[in-house]
Number of protein chains: 2
Amino acid sequence: MTTGDLTGTGASSGGRTSRTAPKLEKLLSSSAGLMAQRGFSQTSIRDVANETGFSLGGMYYYFKSKEDLLYLIQEKTFSSLLEIQEAAASHDGTAEERLRKLIGNHLAYFLSHANELKVCTFELESLQDERYDRIAVLRRRYFSCMAHAVAEVLGESPNHPGVRHKTLFIFGMLNWIFMWFDPERDEPVDRLGDEMVDLVLNGLNGGKDG
Amino acid sequence: MTTGDLTGTGASSGGRTSRTAPKLEKLLSSSAGLMAQRGFSQTSIRDVANETGFSLGGMYYYFKSKEDLLYLIQEKTFSSLLEIQEAAASHDGTAEERLRKLIGNHLAYFLSHANELKVCTFELESLQDERYDRIAVLRRRYFSCMAHAVAEVLGESPNHPGVRHKTLFIFGMLNWIFMWFDPERDEPVDRLGDEMVDLVLNGLNGGKDG
DNA sequence: TCGTTTTTCGATCACTTGTTCGATTTATCT
DNA sequence: AGATAAATCGAACAAGTGATCGAAAAACGA
């Protein structure tokens, strides 16, 4: 129990596409839904069982612990998002275009994977040790991705402290959306992305003065 | 138990300044510290007892339930901050100056009451029913305060949807600070406030173009 | 069909949780 | 000092938690 695998109990090991894979996916997305709504620690393993139709013990065939379940969600979601973003960051075009794309992609991913992304955003601290470290690595890569774009727009070095701060301000805007977004009220997410980019690039004054 | 008081079990009722008041304060601030660090649901009432030196049952003289304890923290903290901000919002000067002041005040309050403010920011959902409603009212007033300043800077009506969004972007920047601020690394908070205001007013482009 | 592996179940364990309550101590007032 | 009220304690309870494990069932390959 000291070194063991981080994931495989049986289903997730090997990676072969057995008839098990779609069940794991449903398990992950149902769990993400519950955890996004109530939070990780307030979501019991029994809640997940009820939601998915599994029996209590039966689910432990798919993950080895509750924390492992959380890890699987974060690892899968974050890897997928990161892949999208690192691709976008290496595209041609102006720095401003890249930044616009990064923000737009993040919001689009938020729309299509709200639950999973919320769990990634707010439940890092519920992981420990190796699992924490592995997700933290993905986070840092994501941050670096955005920070580079910000630095380019500013014409500064990515190490400049102001760049770090401004990048974190942008992540604040992006991540805080989970706290208020209402699909009824705030419908067009493209529009929202434009508004955010506009604020980030030109501010409330709209680039009229300094 | 259907209607009962929201707070008073004995200590917090009446409001007279007995020798009990300082103990309540220590109880609240210690609890806020634990809850800020681990989250509300992962902070047990026994943790609070150990931290404060009280016995397990002895603390129930000061609050009537764990949720009540959380409510007391939020009510006290938020009221105090709100008072500061509503005063600042009604001062003379330009709209830009008012917005700058609101952001600066929030950051200053963050510095002096980090734990309590973090609890206010992230644990609203841990309250229910009346307690939730009461804190939600304070939140709406706070939002309104900021939204008015934003609207004035933009020269728009406070009801304009763009105003709502941009205000929420600003709160995102402000509240996300809890996730990354490191007093060693990000020392001067005044500077941080300036950077944020600068981004909010002029954007990354620094007001050079539109 | 039979034997084997994969998958599922249900009971159970050890542990932590918030809360209650009567008894006990401490402070306050006359 | 004695009586009343405020404050504190410690033991106990009921409920819920994550996790384990051997047995049973289902799917599979021969």
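In the text below, chain A, chain B and the rest are named by the order of the sequence lines, each starting its count at 1. Excluded from the calculations below are hydrogen atoms, water molecules and symmetry mates; all remaining heavy atoms, backbone and side chain alike, are included.
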Note to self: Salt bridge check, B:R141 against B:E86: does any charged N sit closer than 4.0 Å to a carboxylate O?
What the structure shows: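 A salt bridge links B:E86 with B:R141.
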Quick check: are there more than 12 heavy atoms from other residues, nucleotides or ligands sitting under 6.0 Å from NE2 of A:H148?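 12 or below, so no.
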Check your understanding: Just wondering, are more than 12 heavy atoms of other shown residues or ligands nearer than 6.0 Å to NZ in B:K118?
Key ->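 For B:K118, atom NZ is crowded (more than 12 foreign heavy atoms under 6.0 Å).
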From the list [options], which nucleotide is the closest neighbour of the side chain of [X]?
{"X": "B:Y62", "options": "D:dC9, D:dA7, C:dT12", "answer": "D:dA7"}
{"X": "A:S65", "options": "D:dA7, D:dA19, D:dA11", "answer": "D:dA19"}
{"X": "A:F54", "options": "D:dA12, C:dT8, D:dC9", "answer": "C:dT8"}

[X] [atom1] to [N] [atom2], straight-line distance once rounded to whole Å:
{"X": "A:F40", "N": "D:dT17", "atom1": "CZ", "atom2": "C1'", "result": "12 Å"}
{"X": "A:L24", "N": "C:dT8", "atom1": "CG", "atom2": "P", "result": "10 Å"}
{"X": "B:E67", "N": "C:dT17", "atom1": "CD", "atom2": "P", "result": "18 Å"}
{"X": "A:L69", "N": "D:dA19", "atom1": "CG", "atom2": "C1'", "result": "14 Å"}
{"X": "A:K66", "N": "D:dG18", "atom1": "NZ", "atom2": "P", "result": "4 Å"}
{"X": "B:Q42", "N": "C:dG18", "atom1": "CD", "atom2": "P", "result": "11 Å"}
{"X": "A:M59", "N": "D:dC21", "atom1": "CE", "atom2": "C1'", "result": "16 Å"}
{"X": "B:L34", "N": "C:dG18", "atom1": "CG", "atom2": "P", "result": "12 Å"}

It should be established whether [X] places a side-chain nitrogen or oxygen under 4.0 Å from OP1 or OP2 of nucleotide [N].
{"X": "A:K23", "N": "C:dT8", "answer": "yes"}
{"X": "A:S44", "N": "D:dT17", "answer": "yes"}
{"X": "B:Y60", "N": "D:dA7", "answer": "no"}

Would you please name every residue forming a side chain to side chain donor-acceptor pair (under 3.5 Å) with B:R100, sequence neighbours left out?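 Applying side chain to side chain donor-acceptor pair (under 3.5 Å) to B:R100 gives none.
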Query raised in the report: So what does A:I45 hit on the nucleic acid, given a heavy-atom distance under 4.0 Å: a base, only sugar-phosphate, or nothing?
Result: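 Counting heavy atoms under 4.0 Å across all strands, the contact made by A:I45 is with sugar-phosphate only.
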Using a 4.0 Å heavy-atom cut-off, does A:T43 contact any base of the nucleic acid, only the sugar-phosphate backbone, or nothing at all?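 Sugar-phosphate: the residue A:T43, judged by heavy atoms under 4.0 Å, touches backbone atoms but no base.
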Practice problem: Please figure out whether A:D47 or A:G57 has its closest DNA chain D nucleotide nearer the 5' end. | Solution: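 This one resolves to A:D47.
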Between A:G58 and A:R46, which has a closest nucleotide on DNA chain C that is more 5'?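 It is A:G58 whose nearest nucleotide is closer to the 5' end.
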| request: Just grab all the side-chain hydrogen bond (donor to acceptor under 3.5 Å, both in side chains) pairs involving residues 34-46 of chain A, residues at least two apart or on different chains. | output: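 Residue pairs with at least one partner in residues 34-46 of chain A: A:R38-A:D47, A:S41-B:S41, A:S44-A:D47.
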